[in-house]
Amino acid sequence: MPLIPRLKKRPQFLAAAASGHKHVAKGMIVQARRRREDEPGYDPSRGFALGFTASKKVGNAVARNRAKRRLRALAHEALRDLPAAPIDLVLIARKQTLERDYQDLTADFQHALKRLLRLCAAVPPGDDGRSGEPQA
RNA sequence: UCAGGCGGCCAAGCGGCUGCGGCCUGUUUCGGCAGGUCGAGGAAAGUCCGGGCUCCACGGAAGAAUGCUGCUGGUUAACGGCCAGCGGGGGCGACCCCAGGGAAAGUGCCACAGAAAGCAAACCGCCAGGGCUCGGCAACGAGACCGGUAAGGGUGAAAGGGUGCGGUAAGAGCGCACCGCGGCCUUGGUGACAAGGACGGCAAGGUAAACCCCAGCAGGAGCAAGACUAAAUAGGGAGCGAGCGGCAAGCGGGCACCGAAAGGACGCACGGAUUGUCAAGUGCCUUCCGCACUAUCGCUUCGGGUAAGUUGCGUGAAUUGGCUGGCAACAGCCGAUCAAGACGAAUAGCCGCUCCACCCUUGGUUCAGUGAAUCAGGGGGGUGACAGAACCCGGCUUAUCGGCGGCCUGAUGCA
RNA sequence: GCGGGUGUAGCAUAGUGGUAAUGCAGCGGCCUUCCAAGCCUCUGAGGUGGGUUCGAUUCCCAUCACCCGCU
């Protein structure tokens, strides 16, 4: 199984938040952004890229790390069988990420993924996404 | 059995599927893949102290400031920690809590109340012994005016030792006994201090976590410290050389003024040399000595930032077993072991079983009995407390569902 | 990692080792035909726990929460 690369830099997260589509579910918030072909470092062979965020609102360090681990596990499971697409995904933890049943959490993500992939595909390549609808 | 005190230890377990980080080995089409092995804590937390390590600063002498600490003796790399002891306070007890000296160096403060709040004084009182006045022949009586007194009342957190006896006009350390206080001596102890003795006679209120005095300690910054490597370019750094201040006087020409002009001379700015004088500013905590730098130019030389990569970065005041010394903290010796090293940050995600805690419930037992405790069983339900290494170490503090075990104290019952 | 600051009534702020003050808001009253304005009255108030002191919001220690710098 190919490793799914990770978003690590603050500008990558900011780009996903500014020019991507957002879906709010009970257990998490998902942001998606289709990478442009003309941006520096564009590699057409790269598929999905994942980023995880847990702010202090989620809890202390133990709670934040656990939330990110749960999100990471279900994202790897869900994306394993999907065809690769040049899309950055950012998963933001909420307080419910810790309490919600794992099955429901997976369903949340599947639903968000289906919707965001459709939205990203609707935006033609080269468009920065900012001229589209303000928020999903 | 009940109630308590003080140390120590643990921090749910097992299995299945899917995964993560470091290292080693093999393999590779250099992207990886396979196998093995290791992989959070007692507080990893708060950052309240102390060190290691690294860089910077660091010349000599004297001084000041700031901060912290403060019974004694140990222990340690060091500490505000720890151990043992001293003193004071609390508890029936096991045991727990607190903290330096100086208030006869100085300054400040002590509200309200009270006559008086720090230096002695006297509001209500008490006193007819003394002086005085009155009555009386006198003895004597009356009066609190002069005085005496601090026992009693009252205020206060605190009013210049306490209790008792004697004493007295009334009283008072005025005298005595005991207690307390003070310095002195002796003894014991390394010492804090303790015990004893004779003496002194109430003189010296409290506050120093008020300023302060005394003693001790402290250079600054922090692994984003610091070091190395690769790429392209300009500010930049270093060294060497030249070179640099203010004021006054007088000089030169210019402007403006007076004058018809020659010229005059108050003033204004400029110029470069001269003379005289002061020698400057900044930095090194201050002062003195000392040192460095301070316009600009030339030459030589180095090569940074960019959260890039590597390193620092896991053999250490290490862990552990035994022995020895010591009451102990701790130290020494011998043996054994190597045990996380990440950087949007691994050490896990999900499921099942067991255990555990909680709630409901059935039955039994006990008791101080509409209840509680305990034992056995069933069901529900939480997925288990606090909490995640970020250079390392020694402490402190705080958070924490619970469990295991040890020593000790008090009460009660039985033998 | 290093450092600093603030917690006072519902809100915003003072102040001081000895009674905790002010404004707004709120309740009630006066005034007015009614409302507003004005006047009067009422606020269970110093984050928490210890210590020093006769006495602590103030001084000291610990702790909690929040805020702000520097790198």
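First the proteins, then the strands, lettered A, B, ... as listed; each starts at 1.
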### Query
Is B:G201 paired to anything, Watson-Crick or G-U wobble with both distances less than 3.5 Å, and if yes, which nucleotide?
none
#### Entry: Whole-Å C1' distance, B:A342 and B:G312
16 Å
#### Entry: Anti/syn call for C:G46, syn if |chi| within 90°
syn
## Note on the structure
Classified by glycosidic angle (syn within 90° of 0, else anti), B:G173 comes out syn
### Query
If pairing requires Watson-Crick or G-U wobble contacts with both distances under 3.5 Å, which nucleotide is the partner of B:G222?
B:C53
### Task
Mind telling me if B:G88 is syn or anti? Syn here is a glycosidic angle within 90° of 0.
anti
### Query
For atom C1', what is the distance between B:A280 and B:G254, given to the nearest Å?
33 Å
### Query
How far does the P atom of B:G388 sit from the matching atom of B:G87, given to the nearest Å?
47 Å
#### Entry: B:C401 pairs with, by Watson-Crick or G-U criteria that keep both distances under 3.5 Å
none
### Query
When you check the gap from the basic side-chain N to the acidic O, do A:Asp108 and A:Arg100 get nearer than 4.0 Å?
yes
#### Entry: Chi class for B:A94: syn within 90° of 0, otherwise anti
anti
### Query
Looking only at side-chain N and O atoms, does A:Arg69 come under 4.0 Å of OP1 or OP2 in B:G349?
yes
### Message
Taking only the C1' atom of each, what is the distance from B:G272 to B:C266 in whole angstrom?
### Response
25 Å
### Message
Give me syn or anti for B:G395, where syn covers glycosidic angles within 90 degrees of 0.
### Response
anti
### Query
Has the side chain of A:Arg33 got a donor or acceptor atom that lies under 3.5 Å from a matching backbone atom of A:Leu89?
no
### Message
For B:G252, give the paired nucleotide (Watson-Crick: N1-N3 plus N6-O4 or O6-N4; G-U: N1-O2 and O6-N3; both under 3.5 Å), or none.
### Response
B:C270
### Query
For atom C1', what is the distance between B:C109 and B:A208, given to the nearest Å?
12 Å
### Task
Could you work out the separation of B:G51 and C:U58 based on their P atoms and round it to a whole Å?
32 Å
### Message
Below the 4.0 Å mark, does B:U347 have OP1 or OP2 next to a side-chain nitrogen or oxygen of A:Arg66?
### Response
no
### Query
In whole Å, what separates the C1' atom of B:G252 from that of B:A269?
14 Å
### Query
Expressed in whole Å, how much space separates the P atoms belonging to B:G85 and B:G173?
44 Å
### Message
With a cut-off of less than 4.0 Å, is there a side-chain N or O of A:Arg72 near OP1 or OP2 of B:C20?
### Response
no
